[in-house]
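Keep in mind that what you see is a predicted model, and the values were worked out from it rather than measured.
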Amino acid sequence: MPNTTLFTLVRHGETDWNRAGIIQGSTDIPLNELGRDQARRAAGVLGFHDCTSIVSSTMDRAKETAAIIAGELSLPLGAAVAELCEQTFGEAEGSDWASFAERFPDGPAGQESAHEVRGRALDSLRAIADTHAEETTANVVVVTHGGVIKALTGHPDLAGHDFGGPAANGSITRLALHDGRLCGGHQLSGATACDAMAATA
């Protein structure tokens, strides 16, 4: 019987490299204080909905964000998932976004494609969904990264859905996976997220 799993994607909180406009990719940069506050605020938004569990990528900035949310909401924190890590930007990591196009007009050596990111991330969501197949309602919080969220929301199955632009630090994006396929979603962020979720609680 086909199953639907709701995934609530949270982009990790801010790091110092985010603030400075530096490309992180696979470089493991920790949260700063604003990032920790963003995680707490995301938990406040998620409190309007019945989230059942939480997982994250294996990167420190995602794991700490997930731990803060899990603590605030008393959610079981699952094992970190490597396939949910940020897109790798190869030789561009550590340089600034402002000069990215000029310095790497053909893309940096070692950069992972959006297609590759989407494939591994979607496979991980399917695997997570399989572990919740016996549940009537599963709403799994997934703390991940901007490149992963962009790749997933750009899937052809989600054409026509409005995700409101790039996912900011601490933002929340919802996706539904039905019988292994993405079948809908939308982005919530900040005060708008609180208002929208309160209205549907």
Assess the side chains of [X] and [Y]: does a donor N or O sit below 3.5 Å from an acceptor N or O?
| X | Y | result |
| --- | --- | --- |
| Ser26 | Glu93 | yes |
| His12 | Thr65 | no |
| Ser57 | His145 | yes |

Query - Shortest non-hydrogen contact from Leu177 toward Ala129 - result: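 Nearest pair, atom of Leu177 first, then Ala129: CD2-CB, 3.9 Å.
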Query raised in the report: What pair of heavy atoms forms the shortest contact from Glu14 to Asn32, and how long is it?
Result: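 Closest approach of Glu14 to Asn32, heavy atoms only: OE1-ND2, 2.8 Å.
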Requested in this report: Can you establish whether the number of heavy atoms outside Asp96 located under 6.0 Å from its atom CG is more than 12?
Outcome: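 It does: Asp96 CG has more than 12 such atoms within range.
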Closer than 4.0 angstrom, basic N to acidic O: yes or no for [X] and [Y]?
| X | Y | result |
| --- | --- | --- |
| Arg36 | Glu64 | yes |
| Arg126 | Asp123 | yes |
| Arg41 | Asp37 | yes |

Requested in this report: Could you pull out all residues at least two apart from Ala127 that satisfy side chain to side chain contact (heavy atoms under 4.5 Å, CB included)?
Outcome: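 By the side chain to side chain contact (heavy atoms under 4.5 Å, CB included) rule, Ala127 matches no residue at all.
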Report task. Would you please name every residue forming a side chain to side chain contact (heavy atoms under 4.5 Å, CB included) with Arg181, sequence neighbours left out? Result ->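 Partners of Arg181 by the side chain to side chain contact (heavy atoms under 4.5 Å, CB included) criterion, ordered by chain and then number, come out as Asp157.
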Query raised in the report: So Gln24 and Thr15, side-chain hydrogen bond (donor to acceptor under 3.5 Å, both in side chains) or not? Walk me through it.
Result: CA-CA 9 Å; Gln24 294 177 118; Thr15 70; 2.6 Å; yes
